[in-house]
Amino acid sequence: MKKFLIFLLLPGLLTACGTAEDLPESPETSAETEETVQDPAESPVTEPEETPAEPTETVYVSLGDSIARGYGLSDVRNEVYSAVLAGSFEESGMVMVPHNFGVDGQDSTQLAAYIVNNPAIPEALADAGYVSISIGANNFLGEAFDFLNVCYDFQKNPSTRLTSDDVTSAYQQFNRDVADGVDRLRDDIPQIIEGIRASNEDCDILFLTCYNPYGAVDVTLDWGGVMPVNFAALAATSVTQMNDVIRDLADDYGYTVADVYTAFEGKWDRLVNAAPVEAGGSLNMNAVDPHPNKNGHIVIADVLFEIIKN
């Protein structure tokens with residue numbers, strides 16, 4: 001803003017000179033005040049300081065199963081990996097707005113339908129910069145529980161009416177169910193991606209690999225059958241088949257693989273709720289929760305963060 005300087009000239013005092021006789025008894029002093037206004041001086045023009053731009057908001061949509069929803073966390077709103085990821089970007093000066101559409105028990109077939117049938121999802125996807133997908137574990141996890149229960153019943157009380165043939169049959173059925181789950185995942189991924197692309201052609205899609213939910217359950221299932229099976233290894237084999245499909249289709253359908261499996265490997269006892277079982281120990285059906293704990297969600301968020309920031 002220009003400032004105007006106004007200078008006032010002080011009045012000069014005019015005094016009559018003469019001898020003492022000539023002076024009037026009450027001398028009068030006349031004063032004349034003259035005001036001069038000077039043209040305003042030119043002040044340097046100061047450019048206004050630029051106001052820092054507000055951080056751009058990035059919409060992030062999290063799709064998937066109970067892992068995406070945050071099952072079992074004490075503070076889902078803040079501890080689920082989508083919220084942790086948004087917090088990580090906030091610390092780096094980026095505003096990420098998460099939308100969590102995780103559903104407990106959802107498998108790949110259900111997710112493909114859910115994207116189309118839930119009107120809130122296309123609306124959120126339309127503005128999304130990033131979309132993450134956590135799906136596939138439920139394509140075989142229910143069958144894993146069924147088989148685990150059969151083995152548990154047999155080991156807990158061998159005198160039950162179950163026989164080793166019954167357990168062997170359950171094992172074979174488990175393998176068939178896993179193979180079916182893998183095939184369904186291969187069929188469903190194109191539909192899942194196409195459902196997302198129908199609302200947003202440009203967003204980055206990050207597909208999480210499945211971690212081994214029972215990596216810490218190191219117990220050998222010996223039911224007198226042809227081949228004893230280590231449950232941790234059995235779960236790893238099943239999950240690996242799912243992950244192979246996720247990796248195989250990445251290039252064809254334009255998504256990035258977020259390798260959660262490797263990030264969890266060897267750390268299951270610290271990142272997953274399923275209680276560790278020492279080699280040679282027995283099953284405990286009250287301690288086989290396959291979901292990640294708070295630390296597990298932090299690791300998942302870290303995997304996603306490293307991909308996005310690069």
Side-chain angles (χ1 to χ4, degrees), residues 60-68 81-82 85 101-102 106-115 125 128-144 174-198 200-215 232-268 271-272 290-292 296-310:
Y60 161 47
V61 174
S62 177
L63 301 172
D65 48 28
S66 55
I67 299 172
Y81 66 78
S82 53
L85 177 63
F101 291 101
Q106 192 170 70
D107 63 20
S108 60
T109 305
Q110 292 167 337
L111 175 59
Y114 189 58
I115 292 172
L125 287 173
Y130 299 97
V131 177
S132 68
I133 304 169
S134 170
I135 207 71
N138 287 319
N139 284 36
F140 82 94
L141 203 55
E143 289 74 16
F174 167 75
N175 285 329
R176 288 192 294 269
D177 290 337
V178 170
D180 176 68
V182 171
D183 289 342
R184 285 196 294 117
L185 182 63
R186 189 179 297 277
D187 291 339
D188 294 335
I189 285 179
Q191 297 181 53
I192 291 169
I193 302 302
E194 288 167 9
I196 294 170
R197 291 300 182 205
N200 190 322
E201 296 181 355
D202 301 318
C203 63
D204 291 331
I205 302 175
L206 287 67
F207 210 123
L208 281 62
T209 57
C210 303
Y211 61 86
N212 184 351
Y214 296 123
L234 178 64
T237 300
S238 304
V239 166
T240 298
Q241 294 178 58
M242 297 286 178
N243 291 338
D244 286 345
V245 171
I246 293 171
R247 292 190 177 94
D248 288 347
L249 299 181
D251 290 339
D252 290 342
Y253 292 94
Y255 58 80
T256 301
V257 175
D259 194 2
V260 174
Y261 180 90
T262 299
F264 273 53
E265 194 167 13
K267 305 170 188 173
W268 310 288
L271 305 180
V272 184
H291 296 91
H297 279 268
I298 292 173
V299 170
I300 296 173
D302 287 344
V303 171
L304 296 173
F305 181 78
E306 289 300 319
I307 294 172
I308 294 173
K309 78 171 185 178
N310 293 325

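Along the sequence shown, residues carry numbers from 1.
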Fill in the blank from the handout: Closest non-hydrogen atoms of Asn139 and Met242, given as atom of the first, atom of the second and distance, are CB-CE, 3.4 Å
Problem - Straight-line distance of Ile298 CD1 to Leu85 CG, nearest 0.5 Å - result: 12.5 Å
Problem - Within-4.5 Å side-chain heavy-atom neighbours: Tyr253 and Ile192 - result: no
Handout entry: Criterion side chain to side chain contact (heavy atoms under 4.5 Å, CB included) on Val272 and Asn212, from CA distance to verdict
Key = CA-CA 9 Å; Val272 184; Asn212 184 351; over 6 Å; no
Practice task
Before giving the answer on side chain to side chain contact (heavy atoms under 4.5 Å, CB included), spell out for Leu304 and Leu208 the whole-Å C-alpha distance, their side-chain angles and the decisive distance to 0.1 Å.
Solution key: CA-CA 9 Å; Leu304 296 173; Leu208 281 62; 3.8 Å; yes
Practice task
Taking Asp188 for its side chain and Leu111 for its backbone only, find out whether a donor-acceptor pair lies under 3.5 Å.
Solution key: no
Exercise for the section: State, to 0.1 Å, how close Arg186 and Leu249 come at their nearest heavy-atom pair, and which atoms those are. Expected result: O-CD1, 3.8 Å
Handout entry: Shortest non-hydrogen separation from Val257 to Ile307 and the atoms involved
Key = O-CD1, 3.9 Å
Practice task
Take Arg197 and Cys203, measure what side chain to side chain contact (heavy atoms under 4.5 Å, CB included) needs, and give me the verdict at the end.
Solution key: CA-CA 8 Å; Arg197 291 300 182 205; Cys203 63; 3.5 Å; yes
Completion exercise
Interatomic distance, OG1@Thr262 vs NZ@Lys267, rounded to 0.5 Å, equals 10.0 Å
Exercise for the section: Could you walk me through whether Leu125 and Val131 pass side chain to side chain contact (heavy atoms under 4.5 Å, CB included), step by step? Expected result: CA-CA 8 Å; Leu125 287 173; Val131 177; 3.6 Å; yes
Practice task
Output yes when a side-chain donor or acceptor of Asn138 lies under 3.5 Å from a complementary backbone atom of Gln106, and no otherwise.
Solution key: yes
Problem - Gap between atom CD1 of Ile115 and atom CD of Glu194 - 0.5 Å precision - result: 10.5 Å
Completion exercise
On a heavy-atom basis, the closest approach of Pro290 and Leu141 is CG-CD2, 3.7 Å
Exercise for the section: Please say whether more than 12 non-hydrogen atoms of neighbouring residues, nucleotides or ligands are located less than 6.0 Å from CG in Asp251. Expected result: no
Exercise for the section: Please check if the side chain of Tyr255 supplies one atom and the backbone of Ile246 the other of a donor-acceptor pair under 3.5 Å. Expected result: yes
Fill in the blank from the handout: side chain to side chain contact (heavy atoms under 4.5 Å, CB included) with Ser134: of Leu206, Ile67, Leu63, Ile300, only one passes, and it is Ile67
Fill in the blank from the handout: Heavy atoms of Val303 and Asp259 approach each other most closely as CG1-N, 3.9 Å
Problem - Interatomic distance, Glu265 atom CD to Leu271 atom CG [nearest 0.5 angstrom] - result: 12.0 Å
Fill in the blank from the handout: Correct closest heavy-atom pair for Tyr81 and Tyr60 would be CE1-OH, 3.7 Å
Handout entry: Gap between atom CG of Leu185 and atom CD1 of Ile135 - 0.5 Å precision
Key = 8.5 Å
Problem - Side-chain donor/acceptor of Arg184 to backbone N/O of Gly136, under 3.5 Å - result: no
Handout entry: Donor-acceptor pair, side chain of Thr209 and main chain of Val260, under 3.5 angstrom
Key = yes
Exercise for the section: Give, for atom SG of Cys210 and atom CZ of Phe140, the distance between the pair rounded to the nearest 0.5 Å. Expected result: 7.0 Å
Handout entry: Any donor-acceptor pair under 3.5 Å from Asn200 side chain to Ala128 backbone
Key = yes
